[in-house]
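Owing to the predicted nature of the structure, the values given are computational and were not obtained by experimental measurement.
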Amino acid sequence: MASWLQQQATQAAQPGRYAMRASQDLDPEDSSRTPPSVRRGSAALRASVLEIPSDMSPGRSERAFRTGNERLYEAYNDLHALAQDFEKPFDAPAILVVGHQTDGKSALVEALMGFQFNHVGGGTKTRRPITLHMKYNSACVQPHCYLITDEFGEQEATLEELQDYIENENSRLDRESQFWSKEIVVRIEYKFCPNLTIIDTPGLISAAPGKRNTTLQNSARQVEAMVRQKMEQKEYIILCLEDSNDWSNATTRRLVMQVDPSLTRTVVVSTKLDTRIPQFARPHDVEMYLRPPARLLEPTMLGGSPFFTSVPSGRVGNSKDAIFRSNEHFREAVADREALDVAELESRLGRKLERAERARIGVGQLRRFAEHLLQRRYLENVPTIVPVLEKEYRNASRRLEETQVELNDLHPEKLKEKGRVFRESFLSKLALLLRGTVAAPPERFGETLADEHIRGGAFVGPDNKPVMVNEQLPNAHMRLFGGAQYHRAMAEFRAGIGTINCPDISREEIVNACGIDDFHDGVNYTRTACVIAVSKARDLFEPFLHQLGYRLAHVQRRMLPIAMHLLQKDGQFLNGHDLFLKRVGAAYHAFIDEFEKGSRNKCMEDLQSTTRYVTWSLHTKSRSSLKAMLSKVTSPGGNQPGGNNNNGGGGGKGHHGHHGASSAAAEGSSGATADFLENTLWNRTLGSMSEEIVAALVCQIFEGIRDHFVQSVELKFNCFFLMPIIDTFPTKLREELESAYDEDLDEVFDVAAVRAALEQRLKSLELELHQVERLQRKFAMIHSTLAQQQSHGAKGEGDTPKLRASEENPLNMSMRSSLPGGGNLKASQELGKAASKLAAMDLSKNGAAAANRNVLSSMR
């Protein structure tokens with residue numbers, strides 16, 4: 001791509017390049033490279049096809065190839081160019097070429113355009129759709145091509161460079177056995193092409209069954225899905241190519257009719273006519289082929305009957321394998337082939353072709369039909385453009401007046417007052433977003449909980465996995481913003497962090513936490529439990545505090561663009577003062593960062609105090625809960641710690657038996673008590689009872705710290721982060737802006753830059769308003785031109801297939817029905833009157849301005 005600029009510079013230094021090439025191409029002596037089928041009777045047959053004298057010069061032949069539609073092309077050209085100035089291009093009907101491999105799609109497209117640009121051959125050569133935006137330009141005697149890519153934009157390219165790019169893309173995808181639905185977009189300016197968009201799709205594949213053809217079957221599915229997606233666009237005209245002499249074999253139509261069952265927007269084309277004709281043995285076979293009955297082919301197809309084309313094989317170039325010396329030679333060969341097809345058909349039929357039959361034989365006739373269809377579609381669109389132009393005129397006038405008012409308001413005191421008004425409006429929008437509103441569209445500004453996790457971060461535990469909320473969080477799938485989103489984030493924190501269980505405690509952690517006391521070497525398992533609980537709570541909850549602060553700051557920062565949108569929607573936005581807006585936004589972001597950090601520090605102090613000193617009344621909630629926890633701990637003998645075992649053995653009878661049981665119970669109780677004291681006071685051999693007591697104490701202390709932490713964090717963020725946005729930020733913003741006003745007003749509003757921008761916008765709007773007026777006048781003249789073309793075309797309707805009313809673009813019908821006061825007919829009459837007035841006026845004289853105003857007022 002980068003080499004194109006150097007090549008273009010080299011070509012620019014050779015002004016006679018195309019002239020020398022053209023003179024060499026027209027050398028009458030070199031006919032050895034022309035195939036006999038093309039040379040036979042070329043002069044007379046070509047004159048018959050082009051309807052020009054046989055002795056006409058090559059220059060006049062080129063002009064005849066345009067089929068007399070130069071005036072229509074120029075009208076379309078002006079319509080496109082003027083509309084695109086306002087970035088409102090009109091939808092031109094695009095022709096989508098659909099067919100199987102080797103049906104001749106690319107060759108037919110080249111014949112319609114009048115020059116070759118693509119690689120044509122057997123197999124799967126086209127693996128990406130190619131969109132050709134053709135534009136008539138009478139000054140381009142050679143095709144001027146522009147390749148449009150995402151990486152480089154629009155770049156001018158020669159035909160050779162364009163061919164290389166397309167072949168390289170197809171070869172790359174061929175090596176990868178892939179198809180790509182992204183189109184290769186090419187814009188072409190040429191004196192032999194119409195203003196039309198043609199889309200050449202990859203060829204459909206007829207894959208054989210069986211496991212050996214799995215790759216080909218996958219490719220067939222890819223291509224079919226791609227082509228179907230393109231055909232579903234209603235504004236496209238489908239060019240359905242069939243390579244068969246038997247209309248009962250619907251190869252391509254099978255897929256097309258799944259999208260367009262009645263073929264009302266499909267033109268059926270039978271390609272390779274020159275290879276079909278020798279297969280017909282009887283005139284009846286030719287009749288059935290040219291005029292298929294309704295049982296074989298849908299009579300509702302666009303045009304009423306199929307077209308038949310032949311494109312001579314061979315490429316343009318200077319190599320030994322090239323057949324055609326130039327594109328002029330190629331166009332002549334296409335015309336010669338059409339004439340030969342007509343002559344051979346008439347020979348087989350034993351009669352002359354009727355006008356309706358002749359109008360469907362050859363590439364030239366198909367091209368004329370496409371031009372006729374294009375003309376009608378554009379003519380139908382003409383009345384719908386009038387209200388669009390009126391709306392553009394009103395908008396341009398309104399913006400011009402607003403810009404003039406802004407220029408007059410650049411006085412220092414007026415600027416200060418405008419800044420104060422905007423500041424108060426901005427603060428009211430922030431408060432409104434926190435309280436709740438539906439003024440902002442949620443599909444644009446809202447975030448679901450999943451989106452919020454991606455942009456604001458999720459609550460991630462020590463295992464680097466998101467904390468799962470046990471119950472379904474309300475409104476998780478709704479797109480929220482403002483106060484509603486803040487409340488959901490805090491509810492997720494409460495539900496997720498508030499239900500976290502104490503992490504598992506290992507025996508090594510318990511033993512290491514025991515340590516040695518200052519006065520004895522006994523074990524204090526109460527202290528051990530406190531050490532473990534506060535350590536685990538501090539390590540676990542501190543990251544969640546930082547994550548919550550970042551999440552809530554994200555939610556509050558999102559309110560800034562939403563508030564600006566609401567100001568624009570209500571007409572309260574301060575246009576043109578970007579420096580002032582940046583100052584307001586910077587002040588808001590600095591406030592969010594400052595108070596989020598302050599709230600987080602307050603919460604951190606609470607966490608540190610809670611995990612530094614254990615207060616049993618706080619950490620264990622109540623005595624009853626502690627007692628219930630200890631009741632779950634069992635002694636080594638299976639009894640409760642310090643409890644009595646009244647289920648003695650059944651030995652002895654009467655008094656002696658009872659006395660024996662009491663003695664045994666007393667001994668068992670004292671033994672259990674001794675074991676309990678030994679396991680909890682001085683024995684460092686960690687038994688099951690000691691482990692259970694420590695684990696139970698740790699869980700109880702951890703839950704107390706957790707509950708206090710969650711409540712404290714929610715309370716402090718609400719009081720020291722949320723509420724200051726409502727009651728503290730307004731005062732802080734007012735003080736900061738008033739202080740900036742007193743220091744240097746230019747640093748706040750940048751008056752010089754604003755004035756220069758407004759003056760530039762004023763000039764641009766004045767130019768735009770002038771162009772809108774010129775577009776209205778030009779459009780009236782375009783309507784007059786189209787009407788004349790329509791009236792001239794009505795005289796030769798016998799030569800061109802007619803378009804039925806049912807073939808009208810449904811989009812145009814719906815737009816026309818929405819026009820006030822009679823729709824298409826009335827608007828066309830008004831435009832016709834306006835065009836007549838313009839034609840009768842001399843706009844070049846001194847009274848031009850008054851004449852323009854009269855015409856525009858009549859159009860409005």
[X] versus [Y]: any side-chain heavy-atom pair under 4.5 Å?
X	Y	value
Ser181	Met226	yes
Leu147	Ile184	yes
Phe573	Met564	yes
Met604	His546	yes
Ile592	Phe721	yes
Ile725	Phe595	no
Phe426	Leu733	yes
Gln556	Leu722	yes

Within the side chain of [X], is there an N or O that forms a donor-acceptor pair under 3.5 Å with the backbone of [Y]?
X	Y	value
Arg479	Thr448	no
Arg128	Lys182	yes
Arg488	Asn475	yes
Ser425	Val421	yes
Thr611	Leu607	yes
Thr610	Asp606	yes

What is the ring orientation for His577 with Phe749, classed by angle as parallel under 30°, tilted 30 to 60°, or perpendicular over 60°?
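His577 and Phe749: perpendicular rings.
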Is the Phe544 ring parallel, tilted or perpendicular to the Phe541 ring (thresholds 30°, 60°)?
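Taking Phe541 first and then Phe544, their aromatic rings sit tilted (interplane angle of 30° to 60°).
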Exercise: identify the closest heavy-atom pair between [X] and [Y]:
X	Y	answer
Glu492	His453	OE2-NE2, 2.9 Å
Cys502	Val698	SG-CG1, 3.7 Å
Val748	Tyr741	CG1-CE2, 3.9 Å
Leu433	Ala563	CD1-N, 3.9 Å
Gly482	Val555	O-CG1, 3.9 Å
Glu447	Glu452	OE1-CA, 3.7 Å

Checking side-chain contact (heavy atoms from CB on, under 4.5 Å) for the pair His487/Met490: CA distance, chi angles, key distance, verdict?
CA-CA 5 Å; His487 183 273; Met490 191 61 76; 5.9 Å; no
Going by salt bridge (Lys or Arg N to Asp or Glu O under 4.0 Å), name the pairs with one or both residues in residues 569-588, residues two or more places apart or in two chains.
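For residues 569-588: Lys429-Asp570.
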Residues in side-chain contact (heavy atoms from CB on, under 4.5 Å) contact with Glu759, at least two apart in sequence or another chain
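Applying side-chain contact (heavy atoms from CB on, under 4.5 Å) to Glu759 gives Leu407, Arg755.
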Whether Lys602 engages the ring of Phe720 as a cation-pi pair (distance to the six-membered ring centre under 6.0 angstrom, angle to the ring normal within 45°) should be assessed.
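Yes, Lys602 lies over the aromatic ring of Phe720.
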Can a side-chain donor-acceptor contact be found between Asp742 and Ser739 if the only test is distance below 3.5 angstrom?
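Per modelled atom types, Ser739 and Asp742 side chains form no pair under 3.5 Å.
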Side chains of Thr197 and His133: donor-acceptor distance under 3.5 Å anywhere?
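Distance-only check passes for Thr197 and His133.
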Take Glu714 and Asn718 through the side-chain contact (heavy atoms from CB on, under 4.5 Å) test and state the conclusion after the steps.
CA-CA 6 Å; Glu714 184 174 1; Asn718 287 340; 3.7 Å; yes
Not counting sequence neighbours, which residues clear side chain to side chain donor-acceptor pair (under 3.5 Å) with Asn395? List them please.
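Asn395 satisfies side chain to side chain donor-acceptor pair (under 3.5 Å) with no residue once adjacent residues are dropped.
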After noting the C-alpha distance and the side-chain angles of Glu596 and Arg600, does the key distance pass the salt bridge (charged side-chain N to carboxylate O under 4.0 Å, His left out) rule?
CA-CA 6 Å; Glu596 183 272 329; Arg600 181 161 35 88; 2.9 Å; yes
Rounded to the nearest 0.5 Å, how far does [atom2] of [Y] lie from [atom1] of [X]?
X	Y	atom1	atom2	result
Glu156	Arg187	CD	CZ	9.0 Å
Thr731	Phe729	OG1	CZ	10.5 Å
Met559	Leu434	CE	CG	4.0 Å
Glu594	Thr728	CD	OG1	10.0 Å
Thr201	Gln229	OG1	CD	12.5 Å
Phe717	Leu545	CZ	CG	5.5 Å

With a 4.0 Å cut-off on N to O distance, would you call [X] and [Y] a salt bridge?
X	Y	value
Arg172	Glu176	yes
Arg398	Glu402	yes
Arg423	Glu738	yes
Lys536	Asp504	no
Lys732	Glu736	no

Determine whether Lys414 and Glu417 satisfy the following criterion, salt bridge (charged side-chain N to carboxylate O under 4.0 Å, His left out), listing intermediate values before the conclusion.
CA-CA 5 Å; Lys414 289 186 178 181; Glu417 186 60 29; over 6 Å; no
Start with the C-alpha distance between Val186 and Tyr146, add both sets of side-chain angles, then the distance that settles side-chain contact (heavy atoms from CB on, under 4.5 Å), and finish with yes or no.
CA-CA 6 Å; Val186 180; Tyr146 302 86; over 6 Å; no
Would you check, one step at a time, whether the test side-chain contact (heavy atoms from CB on, under 4.5 Å) holds for Ile532 with Ile701?
CA-CA 9 Å; Ile532 296 174; Ile701 297 170; over 6 Å; no
